[in-house]
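Data first, discussion second: the structure below is written as structure tokens.
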Amino acid sequence: MTTPALGIQDITFATAHHRLDLDLLAQHLGIDPAKFSVGIGQEAMSLPAEDEDVVTMGATAAARILADNDVEGLRTLIFATESGIDQSKAAGVHVAALLGLPAQIRVLETKQACYSGAGALQLALGVVARHPEEKVLVIASDVARYDLDSPGEPTQGAAAVTFLVQADPALLEVEPASGVHTADVPDFWRPNHRVTALVEGKFSISAYMDALEGAWEDYRAHGGAAFEEIDAFCYHQPFTMMAVKAHQRLRRHVGASLPKAQVVEELAPTVGYNRVVGNSYTASVFLALLALLDGDADLTGQRIGIFSYGSGAVSEFFSVRVLPGYRAHLHRAEHAAQLAAREPVDVPRYRELHPGTAVSDAEQQANPRVTAGPYRFVGIEGGVRRYEATGA
Ligand code: CAA
């Protein structure tokens with residue numbers, strides 16, 4: 001009996017209602033806008049409206065997957081997030097209710113900073129390997145928040161990526177080889193009382209690159225493809241120049257150094273979404289993949305290397321193969337429309353929307369009706385979060 005290919009049948013993203021252009025933030029901070037547009041490689045960031053969160057973004061992306069695919073056999077939903085909305089209940093339970101999924105489904109949440117979306121993919125592949133007739137919906141959804149006036153401020157953002165994992169997929173085969181690396185490092189973390197992350201910015205960059213070398217070596221040791229056999233590379237992009245730094249480091253590591261300008265060009269097809277959405281933690285590496293897939297180049301048959309890094313720090317390098325006919329399954333138009341529809345805000349409004357540092361203890365909260373999306377976070381009643389479909 002031949003083992004069927006396992007992988008991703010469909011993948012799409014949703015983002016938040018508002019957009020802040022980083023030129024405005026630079027102006028407000030009195031610094032050269034090129035520091036953001038060139039230095040860190042960011043143009044804008046998505047910001048949730050008061051009635052949006054990881055659940056509403058995740059449900060929006062997931063609804064698109066459900067509408068376009070046969071989901072017979074869907075029995076697992078994994079919700080990966082750094083910015084979960086409850087210490088106990090998985091955010092995916094709210095999504096399952098909003099989407100009207102049957103009760104015969106297991107739902108759980110995974111956490112390990114920005115890594116847990118890639119971790120959820122591996123768990124999903126395990127389920128499908130054991131039960132090839134089953135499907136798994138993975139949602140990676142995050143709102144990245146740093147303190148106002150901190151160095152991390154221009155690297156905030158928000159998005160959710162959702163994908164359907166199954167046997168005999170139409171879009172991407174996930175190859176069996178993968179390399180993992182864990183190191184206990186204090187580079188970025190978020191204690192329970194904080195909405196915003198604590199970060200050692202410069203140290204986090206070197207921790208990321210050390211992890212890349214470690215995961216790469218483990219990938220190779222477990223039968224992963226040689227560097228020259230990989231056609232394109234997608235990196236976790238907390239800011240897009242991080243991917244450039246990382247790829248320069250990997251190229252140097254394998255003895256294939258290139259000048260920075262060429263590396264910038266090499267990674268250009270992978271940065272388009274992250275440049276304008278900002279960091280979306282667990283979703284970010286998949287936004288890099290989506291930017292590449294949605295681009296003009298025909299990637300049929302190509303191998304893509306993917307590096308996921310979650311501070312703290314857990315990382316993984318793995319590879320996928322792009323399957324023939326993949327273009328018929330892309331959501332390019334929806335992605336472009338959604339980015340274009342974001343409502344721009346000025347800096348005073350952005351600062352008003354920022355939740356501050358401490359987690360709110362409100363047990364009663366009515367959110368204004370703002371989002372144009374299909375789901376909204378209505379508010380909190382007696383400590384219980386309420387969501388609804390908007391009909392949009
Ligand atoms: N024109 C062009 N470039 C400029 C410039 C100008 N006017 N002014 C500065 N620059 C360049 C700098 O030379 C620098 O480039 P290099 O990195 O190549 O040296 C770059 O812009 C950034 O400048 P600084 O280093 O001075 O920036 P900073 O200290 O204010 O902050 C940061 C940068 C550390 C990334 C900060 O934004 C931060 O802390 N971000 C959050 C942490 C983060 O994203 N870490 C990434 C790895 S951890 C991870 O990946 C997990 C995760 O998602 C958080």
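The residues of the chain are indexed from 1 along the displayed sequence. Keep in mind that the numbers below use all heavy atoms, side chains included, and drop hydrogens, waters and symmetry copies. Ligands are counted one by one from 1 in listed order, and the atoms in each one are counted from 1 as well.
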Ligand-side contact atoms (ligand 1) for residue partner Ser204, heavy atom cut-off under 4.0 Å: 42 (C), 43 (C), 45 (N), 46 (C), 47 (C), 48 (S)
Any N or O of His236 that comes nearer than 3.5 Å to an N or O of ligand 1? yes
Counting only heavy atoms, which portion of Met241 has something under 4.0 Å from ligand 1: side chain, backbone, both, or neither? neither
Quick check: Asp187 and ligand 1, any N/O pair under 3.5 Å apart? no
Are any of the N/O atoms in Asp32 less than 3.5 Å from those in ligand 1? yes
So for Ile31 against ligand 1, with non-hydrogen atoms under 4.0 Å, the contacting part is neither
Is any NZ, NE, NH1 or NH2 atom of the basic residue among Arg349 and Glu352 found under 4.0 Å from an Asp or Glu carboxylate oxygen of the other? yes
Check each of Gln156, Lys245, Lys35, Gln237 against atom 23 (O) of ligand 1 and report the one with the nearest heavy atom. Lys35
Say whether Glu200 and ligand 1 are in contact under the criterion: heavy-atom distance to a ligand atom below 4.0 Å. no
Lys202 N/O under 3.5 Å from ligand 1 N/O: yes
Can you confirm if the aromatic rings of Phe227 and Phe233 lie within a centre distance of less than 6.0 Å? yes
Pro151 versus ligand 1: do any nitrogen or oxygen atoms come within less than 3.5 Å of each other? yes
May I ask you to check whether Thr240 and Asn274 show a side-chain donor-acceptor distance below 3.5 Å? no
Parallel, tilted or perpendicular for His236 and Tyr208, by the 30°/60° rule? parallel
Using a 4.5 Å cut-off on heavy atoms from C-beta on, say whether the side chain of Met242 contacts that of Gln237. no
Using distance alone, determine whether Lys260 and ligand 1 share an N or O pair under 3.5 Å. no
Residues in side chain to side chain contact (heavy atoms under 4.5 Å, CB included) with Val199, at least two apart? Tyr146, Phe188, Ser204
Is His222 close to Val180 at the side-chain level, that is, under 4.5 Å between some pair of heavy atoms? no
Check whether any N or O atom of Tyr146, backbone or side chain, sits under 3.5 Å from an N or O atom of ligand 1, and answer yes or no. no
Is there a nitrogen or oxygen of Tyr309 sitting under 3.5 Å from a nitrogen or oxygen of ligand 1? no
